[in-house]
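Note: hydrogens, waters and symmetry copies are ignored here, and every other heavy atom, side chains too, is used.
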Amino acid sequence: MNGPHDLGGQMGFGPVAPEKNEPYFHAEWEKRALGLTLSSGAFGAWNIDESRHARESIPPANYLGANYYEIWMRALEVLLQRHGFVTADEIDAGRKQTDGATPKRVLTADMVAGVIAKGGPCDRPVATPPRFSEGDRVRTRNFNPTTHTRLPRYARSKSGVVEAVQGSFDFPDDNAHGKGENPQWVYTVVFGGGEIWGEGADPTLSVSIDAWENYLEPV
């Protein structure tokens, strides 16, 4: 979707200024926000793509006025309500009022290190060979879905070259909405600066994205 998260090429937001020696957390509550998000995700009620879509669906004024972990917590509230674990009244009250849904599993303290180390791999086998190969010229599709997608606005309807075939992975556009994993091949595609930014772009710049096969058409 074309939400407030998709800021590539947008003006007025200032330069990206990385914080030198930035700490993992800027406040104690951020540690709890991370812990709550990971432990709730372990319930098995949603996947990473649905959680990303919940974040990008936050109204723009609320999204842009929030910091990183505030966005995580606002999306988590949506997911917990959507899947029946809490109600809006319970969130407002800060305590349980009714019996909610039963999690498929619960992440206990002794499990955390192993779960974090394992991660959440999304690579999946695909029966068909890759449609594209290294060096192929491709064009990204031009679409504006109201649903989740990993193809940014600035890279739509742009011509580039396949630099690498990265493997096959869950297709997030479907997986975020309960339509199944439907894995596809993923390619690293390189675009010239002029193709992305147009006239006046630095000709020495290039932009690379990882694009699912469904995003691409042959040139």
Side-chain angles (χ1 to χ4, degrees), residues 1 3-6 22-59 62-126 145-152 166-186 210 212 214:
M1 61 180 296
H5 63 293
D6 195 356
E22 182 178 10
Y24 291 119
F25 304 100
H26 291 80
E28 284 298 309
W29 71 265
E30 293 185 345
K31 298 178 182 179
R32 294 185 63 82
L34 174 61
L36 284 168
T37 300
L38 295 180
S39 59
S40 297
F43 289 172
W46 58 81
N47 57 56
I48 190 171
D49 298 309
E50 184 180 353
S51 67
R52 284 174 172 151
H53 183 58
R55 293 169 196 161
E56 67 196 26
S57 297
I58 295 171
N62 294 338
Y63 186 99
L64 296 173
N67 68 26
Y68 185 76
Y69 283 110
E70 286 173 339
I71 291 171
W72 277 39
M73 290 307 298
R74 291 174 185 180
L76 181 59
E77 290 180 0
V78 170
L79 292 167
L80 290 170
Q81 290 180 70
R82 179 184 297 166
H83 292 277
F85 293 107
V86 299
T87 66
D89 289 340
E90 288 175 318
I91 291 175
D92 290 340
R95 64 179 182 275
K96 175 182 175 181
Q97 297 177 346
T98 60
D99 290 330
T102 301
K104 295 179 183 178
R105 54 184 177 270
V106 174
L107 183 66
T108 56
D110 61 298
M111 298 165 57
V112 171
V115 169
I116 296 298
K118 181 180 178 182
C122 295
D123 53 315
R124 301 288 188 273
V126 174
T146 57
T147 50
H148 182 60
T149 186
R150 299 297 298 276
L151 181 62
Q166 295 292 358
S168 51
F169 299 83
D170 296 348
F171 185 46
D173 302 44
D174 286 346
N175 201 34
H177 303 285
K179 297 180 180 179
E181 294 182 339
N182 303 326
Q184 296 183 8
W185 292 99
V186 174
D210 286 337
W212 273 257
N214 194 55

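- Heavy-atom minimum distance, N182 versus F171: O-CB, 3.1 Å.
- Nearest heavy atom pair, residue A66 against residue I71, reads CB-CG1, 3.8 Å.
- Separating the CZ atom in R55 from the CE atom in M73 is a distance of 11.0 Å, to the nearest 0.5 Å.
- You'll find the side chain of F169 stays beyond 4.5 Å of the side chain of P183, heavy atoms only.
- With rounding to the nearest 0.5 angstrom, the CE atom of M111 is 8.0 Å from the CZ atom of R105.
- At a threshold of 4.5 Å between non-hydrogen side-chain atoms, the residues S57 and V78 do not count as touching.
- Here D92 contributes atom CG and Q97 contributes atom CD; the two are 9.0 Å apart, rounded to the nearest 0.5 Å.
- To the nearest 0.5 Å, the span separating OG on S40 from CH2 on W46 amounts to 5.0 Å.
- The shortest heavy-atom contact between P172 and D170 is CD-O, 3.1 Å.
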Run the side-chain contact (heavy atoms from CB on, under 4.5 Å) check on V112 and L38 step by step: do they pass?
CA-CA 9 Å; V112 171; L38 295 180; over 6 Å; no
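- Scanning both residues, A176 and N47, for their nearest heavy atoms gives CA-OD1, 4.2 Å.
- Note: N175 CG to H53 NE2 = 12.5 Å, rounded to the nearest 0.5 Å.
- Between atom CG of residue N214 and atom CZ of residue R150 there is a gap of 14.5 Å, rounded to the nearest 0.5 Å.
- Nearest approach of I48 to C122, heavy atoms of both residues: CG2-SG, 4.3 Å.
- Under the 30°/60° scheme for interplanar angles, the aromatic rings of H5 and Y63 are found to stand perpendicular.
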Show your reasoning for whether side-chain contact (heavy atoms from CB on, under 4.5 Å) applies to L80 and E77.
CA-CA 5 Å; L80 290 170; E77 290 180 0; 5.9 Å; no
Applying side-chain hydrogen bond (donor to acceptor under 3.5 Å, both in side chains) to D89 and T87, what does each step give before you reach the verdict?
CA-CA 5 Å; D89 289 340; T87 66; 5.2 Å; no
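- The closest donor-acceptor contact from the side chain of H177 to the backbone of H148 lies under 3.5 Å.
- Within the 4.5 Å cutoff, the side chain of P4 has no heavy atoms near those of the I58 side chain.
- Side-chain atoms of F25 and L34, non-hydrogen and from C-beta on, do get closer than 4.5 Å to each other.
- Residues W29 and E70 have side chains in contact (heavy-atom distance under 4.5 Å, counting atoms from C-beta outward).
- In this structure, N67 and E30 have side chains that are in contact, with non-hydrogen atoms separated by less than 4.5 Å.
- Open room surrounds CZ on R32; 12 or fewer heavy atoms of other groups in view lie less than 6.0 Å from it.
- Counting only heavy atoms from C-beta outward, the side chains of D173 and P145 never approach each other to under 4.5 Å.
- Between F85 and F43, the ring planes are tilted. Angles from 30° to 60° get that label.
- Side-chain contact between V115 and L107 is present, with heavy atoms from C-beta onward closer than 4.5 Å.
- Between K104 and G44, the shortest heavy-atom distance links the atoms NZ-O, 3.3 Å.
- Ion pairing of E28 with K31 is present here, as a side-chain N (NZ or NE/NH1/NH2) and a carboxylate O approach within less than 4.0 Å.
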